[in-house]
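One structure below.
Every chain is numbered from 1 and lettered A, B, ... according to where its sequence line falls, protein lines coming before strand lines. Everything numeric here is computed off the predicted structure, so don't read it as measured data.
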Number of protein chains: 2
Amino acid sequence: MEETVPRRGRPGYDQETVLRRAIELFNRQGYDGTSVGDIARELGLSKSAIYHHVPSKEHLLSQALDEALDGLAAAVDRATTAGSDGSAYERLRHVVEESVGVLVAHQPAVTLLLRVRGNSDVELDALRRRRELDTRLAGLVREAVDEGSLRDDVAPDLVSRLLFGMVNSLVEWHRPGGLVDPQQLARSVSAVAFEGLAR
Amino acid sequence: MEETVPRRGRPGYDQETVLRRAIELFNRQGYDGTSVGDIARELGLSKSAIYHHVPSKEHLLSQALDEALDGLAAAVDRATTAGSDGSAYERLRHVVEESVGVLVAHQPAVTLLLRVRGNSDVELDALRRRRELDTRLAGLVREAVDEGSLRDDVAPDLVSRLLFGMVNSLVEWHRPGGLVDPQQLARSVSAVAFEGLAR
């Protein structure tokens with residue numbers, strides 16, 4: 001219906017706003033459960049007007065997942081590229097803290113990434129990139145075990161999964177714009193993970 | 001259609017099998033994205049035959065969430081009921097290990113529980129029970145801080161969230177029937193959490 005109505009008074013949105021609202025909707029009702037019509041309605045746009053802003057729903061998903069993955073990849077790159085400064089232990093601790101930073105700064109996009117199950121090419125591609133980062137992080141954990149700075153009575157793969165399982169759990173309970181300073185949060189997470197809870 | 005066909009040759013299923021297959025489907029395609037018809041199809045039953053086994057989809061969800069919550073509640077009860085033996089530290093460590101055990105033994109049901117967002121009375125009820133357990137666990141963490149056995153430079157609420165965030169992350173990567181012995185896994189998780197990763 002609305003498609004035939006003259007476009008007077010239609011609110012203008014930049015791509016960024018459209019993307020933010022789409023990510024919110026994807027997280028709230030699931031990507032598969034969200035239609036382009038839902039995104040249009042959320043923005044008060046007609047379905048034809050929304051296509052003026054975005055080529056497809058999958059394009060929005062792709063942008064959101066890239067946002068999360070690019071931030072994490074940059075942190076992993078800095079920690080694992082040949083010639084990186086510091087011991088493996090220092091680099092691992094640093095990448096944990098940087099990951100917390102990315103997670104807090106891009107929480108909705110990271111939340112979406114962590115829920116991806118591989119139902120489309122875009123999702124499979126994101127899972128592939130995520131696995132690649134996990135593999136590089138597991139390699140860094142092994143390096144830290146080998147240099148003697150991490151406990152060696154727990155398998156490095158398990159260490160890596162528990163460590164980033166703890167980091168990633170933040171998306172379940174951290175409230176964006178909360179009272180905790182992100183740098184303080186990052187330091188607390190790495191203190192708990194590396195030094196342990198026991199006094 | 002099928003409803004009018006005589007019921008000859010219809011496979012018989014016990015409630016337990018129906019529940020297992022329903023939980024698998026809920027986890028694979030989401031509770032909201034699963035119809036009673038889907039569950040019937042998965043079992044090779046007609047839609048009328050499935051109602052012979054289960055009163056409603058919500059009833060299956062309720063049973064699944066109770067399964068997960070009852071196991072966790074029993075562990076928390078043992079650790080927090082007045083007169084429990086041992087220091088708060090020992091009881092907390094024990095409840096962490098028992099939680100890993102429940103998670104591994106009831107992984108599909110716990111996975112479902114952790115994804116619940118509160119879209120129905122059954123889900124809201126499960127979220128309420130989960131919050132209650134979280135509150136009691138956070139209380140036990142505070143008790144352990146007060147007795148001087150846990151680090152006090154990180155807020156007890158944050159400690160509690162990171163600790164159980166790590167435990168709960170198991171549902172994301174643990175493969176049921178894998179090579180890791182559940183008791184060994186529980187000990188590794190609590191060693192990493194309480195003693196830390198650093199050597």
Open item on the list: What's the separation between atom CD in A:Q184 and atom CG in B:L158, rounded to the nearest 0.5 Å?
Closed with: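 Rounded to the nearest 0.5 Å, the CD-CG separation comes to 9.0 Å.
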Task: Where B:R151 and A:V192 come nearest, the two heavy atoms and their spacing - done: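 That closest heavy-atom pairing would be NH1-N, 4.3 Å.
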Answer with side chain, backbone, both or neither: which region of [X] has an atom nearer than 4.5 Å to a non-hydrogen atom of chain B?
X	result
A:V167	neither
A:L92	neither
A:R187	neither
A:A155	neither

- [ ] May I ask you to name which of A:N168, A:D32, A:D152 has the most heavy-atom pairs under 4.5 Å with chain B?
- [x]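 Heavy-atom pair counts peak at A:D152.
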- [ ] Using a cut-off of under 4.5 Å on heavy-atom pairs, state which of A:G30, A:G33, A:S169, A:A144 scores highest against chain B.
- [x]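 Option with the top pair count is A:S169.
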- [ ] Using a strict 4.0 Å threshold on nitrogen-to-oxygen distance, state whether A:E172 and B:R117 make a salt bridge.
- [x]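 Yes, this pair counts.
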Open item on the list: Check this for me: A:D153, atom CG, are more than 12 non-hydrogen atoms of other residues, nucleotides or ligands nearer than 6.0 Å?
Closed with: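 Above 12, so yes.
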Open item on the list: Using a 6.0 Å cut-off, check whether atom CD of A:E147 has over 12 heavy atoms from anything other than its own residue.
Closed with: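 Enclosed.
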Task: Side chain to side chain, B:L197 and A:Y89, heavy atoms closer than 4.5 Å - done: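 Result no, sub-4.5 Å side-chain heavy-atom pair not found.
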Open item on the list: Is B:R93 in contact with chain A via its backbone, its side chain, both, or neither, using a 4.5 Å heavy-atom distance?
Closed with: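 Neither; nothing under 4.5 Å.
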TODO: Begin from the C-alpha positions of A:L162 and B:L170 and carry the test side chain to side chain contact (heavy atoms under 4.5 Å, CB included) through to its verdict.
DONE: CA-CA 8 Å; A:L162 291 174; B:L170 263 72; 3.9 Å; yes
Open item on the list: Are A:L124 and A:L65 connected into the same hydrophobic cluster when the rule is that any two of I, L, V, M, F, W, Y join if their side-chain heavy atoms are below 4.5 Å apart?
Closed with: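 No, A:L65 and A:L124 fall in different hydrophobic clusters.
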